[in-house]
Amino acid sequence: MAERAARRCCLGWDFSTQQVKVVAVDAELNVFYEDSAHFDRDLLEFGTQGGVHVHEDGLTVTSPVLMWVQALDIILERMKASGFDFSQVLALSGAGQQHGSIYWKAGASQVLRSLSPDLPLHKQLQRFTGNQIAKIYQQNPEAYSHTERISLVSSFAASLFLGSYSPIDCSDGSGMNLLQIKDKVWSRVCLAACAPHLEEKLGSPVPSCSVVGAISSYYVQRYGFPPGCQVVAFTGDNPASLAGMRLEEGDIAVSLGTSDTLFLWLQEPMPALEGHIFCNPVGSQHYMALLCFKNGSLMREKIRDESASCSWSEFSEALRSTEMGNGGNLGFYFDVMEITPEIIGRHRFSAENHKVPAFPRDVEIRALIEGQFMAKRIHAEGLGYQVMPKTKILATGGASHNRDILQVLADVFGAPVYVIDTANSACVGSAYRAFHGLAAGTDVPFSEVVKLAPPPRLAATPTPGASQVYEALLPRYAKLEQRILSQTQGPPERIPQAQAPLLTLPAQTH
């Protein structure tokens, strides 16, 4: 009996662009089971590349909804075959790729309620392709009129487990540009600008820690889930990752990958044209912000190859041998059009703010890394972020393995840097959120729920005197950025618009 109790767990799901993943996390917050179904590899019949279909115009991108359903079937059948004890699952939650919408045809709710445990899900649901809300209403009003419910990927996935339509949670819902993030209700002005009768098709948003219902009897009968297994509202993949990294008030997470991404915990947001601000998925009175910088690891690798003989050890030595502030030399390195801000090209400035064609190799390396982190701090503060005495920075991604890069990060922000293992952070964060939902959500701090999780490891603390150096440099960097922006701004880069599929009734219900 003790052994069975020790295996009581919550499941965390991630319905991402390229795969569906699951983890099982026990009461001590240990991950003891994980699996995934990769769309391009495991579901060849859908013919996706990178998990999507790119249309002839080169801009329209769709994902076959039935592919997600079938991936869920595959994982559950594998878990069953492995002997996974579904009866010990207390609750589950999940994440979905953000900004995709799914349209349920009139009558689909009846199909969800009457699923047969003798058949896999994908054989009981069908789909056809549609577009984003405003577009589908303008270009295909008949399909819109036959739409019973509009889900995000997250609430769609939750609906599969509930056997009924799941509400959209406030955190993922705030990424739709339709939610009043302070009042946590849909904006009637924004809804009216999209399409008629939209509020009834979206349903009312709910707090992210809400228990939205018990698991459908389909899963009880087919897999042996307990009838009391709770479904906690699913959210977007970025909010779920914030939960997985266990951010607290005042913290920053920096993912140093192909693109660099900043997650911020905000008390009072200042929405701007750049970045994204969401309702916080684990702090109902707070917010989270997301900033993306396209020139990340590839830019660092280029400068490494050009200025450090393709060697990371030489690159690190250059950072150690140059002074904080780089003698006043500042650099901007954007080999591809940057997102934040919209600049392209390499721009170097001397201590006197004169543009110069090149720097010595060591100066070039420090200018790159200092510039990347100063830009992150400036744009974070532009959204309302302030470094607090208790602020910690959680670093992930490839460059987080380089201690000298992390030292510059600690110096520029004036805060200690920790490293954290965030493999499957959206999945693990979803399991943590399931535990949070079970603990009565808003009445129990998320930090209390996850206190048993392994702590992050301290990697760098600010060098004495760093704050004075960078407090003087940051305003200069911001002014130079504005100067470059005013001189180089061209037409905005065309970004492919994600367009999402429509889930419909089957031709026949068995």
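All values below were derived from every heavy atom in this structure, side-chain atoms included, with hydrogens, water molecules and symmetry-related copies excluded. Numbering of residues begins at 1 and proceeds along the displayed sequence.
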What I want to check is whether the side chains of [X] and [Y] have a donor and an acceptor closer together than 3.5 Å.
X: Q386; Y: E381; value: no
X: T48; Y: H53; value: no
X: N295; Y: E338; value: yes
X: S430; Y: Y432; value: no
X: D169; Y: T235; value: yes
X: Y223; Y: E77; value: yes
X: S109; Y: E148; value: yes
X: S241; Y: S425; value: yes

Look only at the side chain of [X] and the backbone of [Y], and say whether a donor-acceptor pair between them is shorter than 3.5 Å.
X: S210; Y: V212; result: no
X: R246; Y: F446; result: no
X: D251; Y: E248; result: yes
X: D183; Y: V185; result: no
X: D26; Y: L29; result: yes
X: T391; Y: G250; result: yes
X: K184; Y: S284; result: yes
X: Q124; Y: S116; result: yes
X: E34; Y: F32; result: no
X: S159; Y: S166; result: yes

[atom1]/[X] to [atom2]/[Y] distance, rounded to the nearest 0.5 angstrom?
X: L11; Y: C9; atom1: CG; atom2: SG; answer: 5.0 Å
X: N238; Y: L290; atom1: CG; atom2: CG; answer: 4.5 Å
X: K105; Y: H146; atom1: NZ; atom2: NE2; answer: 7.0 Å
X: C229; Y: L438; atom1: SG; atom2: CG; answer: 8.5 Å
X: M67; Y: F15; atom1: CE; atom2: CZ; answer: 11.5 Å
X: I75; Y: Q70; atom1: CD1; atom2: CD; answer: 12.0 Å

Within the 4.5 Å heavy-atom criterion, are [X] and [Y] side-chain neighbours or not?
X: N280; Y: W265; value: yes
X: L178; Y: L202; value: yes
X: P120; Y: R222; value: yes
X: M288; Y: L266; value: no
X: Q230; Y: I215; value: no
X: L66; Y: F46; value: yes
X: S63; Y: W68; value: yes
X: D14; Y: V20; value: no

- For S164 and L112, what are the C-alpha separation, side-chain angles and deciding distance, and is it a side chain to side chain contact (heavy atoms under 4.5 Å, CB included)? CA-CA 6 Å; S164 60; L112 279 175; 5.6 Å; no
- ring pair (Phe, Tyr, Trp, His ring centres under 6.0 Å) pairs touching residues 198-220, sequence neighbours excluded, are F161-Y219
- Could you give all pairs that pass the ring pair (Phe, Tyr, Trp, His ring centres under 6.0 Å) test and reach residues 165-207, with sequence neighbours left out? W104-Y165
- Message: For Y385, give me all partners under ring-ring contact (aromatic ring centres under 6.0 Å, His included), at least two apart in sequence or on another chain.
- Response: none
[X] versus [Y], closest heavy-atom pair with distance:
X: S400; Y: T396; answer: OG-C, 3.4 Å
X: L179; Y: G173; answer: CB-O, 3.9 Å
X: V444; Y: A439; answer: CG2-O, 2.8 Å
X: L383; Y: G275; answer: CD1-CA, 4.5 Å
X: K376; Y: D260; answer: NZ-OD2, 3.1 Å
X: S187; Y: Q180; answer: CA-OE1, 3.6 Å

- Item | Criterion side chain to side chain contact (heavy atoms under 4.5 Å, CB included) on I252 and F263, from CA distance to verdict | CA-CA 6 Å; I252 307 172; F263 295 87; over 6 Å; no
- Hey, mind stepping through F293 and T261 against side chain to side chain contact (heavy atoms under 4.5 Å, CB included) and telling me if it holds? CA-CA 6 Å; F293 301 83; T261 306; over 6 Å; no
- Task: Please identify each residue that fulfils salt bridge (charged side-chain N to carboxylate O under 4.0 Å, His left out) with D73, with sequence neighbours left out.
- Result: none
- Item | Pairing residues for R149 by the salt bridge (charged side-chain N to carboxylate O under 4.0 Å, His left out) criterion, not counting sequence neighbours | none
- State whether Y144 and K201 meet the cation-pi test: NZ (Lys) or CZ (Arg) under 6.0 Å from the six-membered ring centroid, and within 45° of the perpendicular axis. yes
- Item | Cation-pi, F86 ring and K80 (6.0 angstrom, 45 degrees) | no
- Query: What do the steps show when you test R7 against D85 for salt bridge (charged side-chain N to carboxylate O under 4.0 Å, His left out), and what is the final call?
  - Reply: CA-CA 9 Å; R7 305 297 285 183; D85 188 356; over 6 Å; no
- Where at least one partner belongs to residues 35-47, residue pairs that pass salt bridge (charged side-chain N to carboxylate O under 4.0 Å, His left out), sequence neighbours excluded: D35-R78, D42-R78
- Task: Tell me, with the steps shown, if K294 and E342 meet salt bridge (charged side-chain N to carboxylate O under 4.0 Å, His left out).
- Result: CA-CA 10 Å; K294 196 180 287 186; E342 206 170 88; over 6 Å; no
- Greater than 12 external heavy atoms within 6.0 Å of N177's CG: no
- Message: Measuring centre to centre across the rings, with the benzene-like ring taken for any Trp, is Y33 within less than 6.0 Å of F84?
- Response: yes
- Query: Between V282 and L242, does a side chain to side chain contact (heavy atoms under 4.5 Å, CB included) hold up when you go through it step by step?
  - Reply: CA-CA 9 Å; V282 296; L242 178 141; 3.9 Å; yes
